[in-house]
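What you see below is based on every heavy atom in this structure, not just the backbone, and it leaves out hydrogens, waters and symmetry mates. Atoms within a ligand are numbered from 1 in the order they appear, just like the ligands themselves.
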Amino acid sequence: MKHEIATLLKGNHLNIEITVRGWVRTFRNNQFIALNDGSTNHNLQVVVDFNQLDESLLKRITTSACIAATGTLVQSQGKGQSVELVATSIDILGDSDAEKYPLQPKKHSLEFLRDIAHLRFRTNTFASINRLRNALIFGVHQFFQDQNFLNIHTPIISASDAEGAGEMFRVTTLDLDNLPKNEQGEINFNEDFFGRSANLTVSGQLEAELAAMAFTKVYTFGPTFRAENSNTARHLAEFWMIEPEVAFNDLKDNADLAEAMLKYVIRYAMEKHPDDIDFLDARLAEEEKQKPVNERAELGLKAKLQFVLDHQFERITYTEAIEILLQSPAYKKKKFKYEVSWGIDMQSEHERYLVEKHFKKPVIVTDYPKNIKAFYMRQNDFCEPGRETVAAMDILAPGIGEIIGGSQREERLEKLEQRMIEMHIPTKEMFWYLDTRRFGTCKHAGFGLGFERLVQFVTGMGNIRDVIPFPRTPKNCEF
Ligand code: 4AD
Ligand code: MG
């Protein structure tokens, strides 16, 4: 039988012979091995009797070696652990040269660990992050499955630009050194693998909408790709997105669903891995101490998450948000780098002001100017001339900024078609999207949650590169 250290530490298998496997974190006094198998940050203390073990074997018990230890689990004599394994035999499964091992038993910077992402799973920080990431994945599915949503796999290779923003990675099998050209001298994609130009998807939304027009409640949870050249702590070129789409929902229903989902998954992760939350709470507190007092967050990680669970998200319109910004001391003292006026695409400094300074909690901003949002968003019926808006919503989270973007969709064929033409979205090629508006259209709404931004929020990690195992960012595709 194979035992996990997390289970053993709960004291469930006392006084029977068992075998544990894992990686050595430290080996003290030729006697105490701190063994970790990734099930928890707490190591199992394995006690060896050096008189009974070969000298040569003892030498091979090094930091990062993989071993199997057999013995009896007993109540611990020493301080710091409840149980320990008194080993009768040790097998070295995989040797490791501790001198050459890049992870020394000391503090390493997050930047350094990014360069050795293949090994950083073996640190407490990344172990906690990845266990929470796993819990959040499962929590998302649980939330939707409990409400009978259907999980739809939307395509990863796509010929359309779902966001109309043109930030796509091309997928091709054409020979880049010898591109086929047509008579006009343009690349002839007829000769490409799909007989047309294709890309990695930026969002599964459009296909999810098709499914919602049959199943009512669906969601996708898949990888998405953006070739935006943003070198920030919030952007990845490859990230995972959760996109529910619900027939008969309006913008308010959409916001209710998003708020309920966020609260559910946060609670789920906190309950599943309280030790990891505690560990990351302490890590963040330590990190905050390095900052000047006026830049420190008011709440620690755990307090912040609990606060979010206990309070309703603020809901305001874009127009109200701009009004708040214009009235703010920050604006009056010219603290904002970017201009503030009705019609701007709010910059992260504006979003952070609203969330962190003004409301001090997550904020749902709705009804954005039509001109800064995607073609599929529903055009609001009653607008001031020159101030046309769409039924969009962004959810802004403290320390993160935009965590969710969504909208009620334009279900009226003429309005949608007209908007697509205005925005140069090919209506002919996207006949299939328009068909849902031709054949039994209905009000519907959905949103996209950036999964890594959620993981950042729950773990308190400042850089998105640290919440996905192998980040893809401009000029970086290692591992
Ligand atoms: O706001 P976005 O672009 O919305 C959509 O893609 C819609 N089709 C979603 C929908 O309505 N079904 O992206 C949604 C979310 C953002 O709020 C953000 O959290 C995340 O995806 N996101 C990114 N996360 C990491 N790196 C990037 N480059 C991201 N771009 C967007
Ligand atoms: Mg957005």
- Query: In the protein, which heavy atom is nearest to atom 19 (O) of ligand 1, and how far is it?
  - Reply: I403 O, 2.8 Å

- Note on the structure: Note: ligand 1 atoms sitting under 4.0 Å from heavy atoms of G406 are 11 (O)

- Query: Is the closest heavy-atom distance from E228 to ligand 1 below 4.0 Å?
  - Reply: yes

- Query: With a 4.0 Å cut-off on heavy atoms, is A162 touching ligand 1?
  - Reply: no

- Fit a plane to each ring of W342 and Y318, take the angle between them on a 0 to 90° scale, and name the class: parallel (under 30°), tilted (30 to 60°) or perpendicular (over 60°). perpendicular

- Query: For atom 20 (C) of ligand 1, what's the nearest protein heavy atom and its distance?
  - Reply: G450 CA, 3.5 Å

- Task: Would you mind telling me which of E410, M377, Q379 makes a side-chain contact (heavy atoms from CB on, under 4.5 Å) with L416?
- Result: E410

- Query: In terms of atom number and element, which parts of ligand 1 are under 4.0 angstrom from non-hydrogen atoms of Y376?
  - Reply: 7 (C), 8 (N)

- Report yes or no: do D367 and T319 form a side-chain donor-acceptor pair below 3.5 Å? no

- Message: Can you see whether F112 has K107 sitting over its ring - NZ or CZ less than 6.0 Å from the centre and within 45° of the normal?
- Response: no

- Structural part of T224 in contact with ligand 1, heavy atom criterion under 4.0 angstrom: neither

- Is there at least one pair of N or O atoms, one from V202 and one from ligand 1, spaced under 3.5 Å apart? no

- Item | Options R472, R226, E243, R234, ranked by nearest heavy atom to atom 6 (O) of ligand 1, top entry | R226

- Query: Between the side chains of R387 and T389, is a donor N or O closer than 3.5 angstrom to an acceptor N or O?
  - Reply: no

- With E287 as partner, the option from Q290, K289, R283 fulfilling side-chain hydrogen bond (donor to acceptor under 3.5 Å, both in side chains) is R283

- Task: Kindly confirm or rule out an N or O of M241 lying under 3.5 angstrom from an N or O of ligand 1.
- Result: no

- Sub-4.0 Å heavy-atom approach of F451 to ligand 1: no

- Please work out whether the ring planes of Y353 and H358 are parallel, tilted or perpendicular, with thresholds of 30° and 60°. tilted

- Query: What's the atom name of the N, O or S in E402 nearest to the Mg ion (ligand 2)?
  - Reply: OE2

- In the protein, what heavy atom is nearest to atom 18 (C) of ligand 1, and what distance, to one decimal place, separates them? R453 NH1, 3.5 Å

- Note on the structure: Per-atom filter on ligand 1: closer than 4.0 angstrom to a heavy atom of I404 are 17 (O)

- Carefully, step by step, assess E417 and R437 under the rule salt bridge (Lys or Arg N to Asp or Glu O under 4.0 Å). CA-CA 10 Å; E417 222 167 6; R437 275 65 172 173; over 6 Å; no

- Query: Are any non-hydrogen side-chain atoms of Q408 and N254 less than 4.5 angstrom apart?
  - Reply: no

- Message: Between E422 and Q418, is there a side-chain donor-acceptor contact under 3.5 Å, judged purely by atom types and distance?
- Response: yes

- Candidate with minimal heavy-atom separation from atom 11 (O) of ligand 1, of R409, E245, E163: R409

- Return yes or no for this condition: an N or O of G405 is under 3.5 Å from an N or O of ligand 1. yes

- Task: Output yes when R352 and E349 qualify as a salt bridge under the 4.0 Å nitrogen-oxygen rule, no when they do not.
- Result: no

- Task: Check F239 against ligand 1 and report side chain, backbone, both or neither, counting heavy atoms closer than 4.0 Å.
- Result: side chain

- Output yes if D394 passes the N/O/S-under-2.8 Å test against the Mg ion (ligand 2); output no otherwise. no

- How about N41 and R131: does a side-chain donor come under 3.5 Å of a side-chain acceptor? yes

- Query: Does D281 come within less than 4.0 Å of K302, counting only side-chain N to carboxylate O?
  - Reply: no

- Among protein heavy atoms, which sits nearest to atom 15 (C) of ligand 1, and what does the distance come to when rounded to 0.1 Å? G448 O, 3.6 Å

- Task: List the closest protein heavy-atom neighbour of atom 1 (O) of ligand 1: residue, atom name, distance to the nearest 0.1 Å.
- Result: E402 OE2, 3.0 Å

- State whether the shortest distance between N or O atoms of H235 and N or O atoms of ligand 1 falls below 3.5 angstrom. no

- Message: Starting from atom 26 (N) of ligand 1, what is the nearest protein heavy atom, named by residue and atom, and what distance separates them?
- Response: L236 N, 2.9 Å

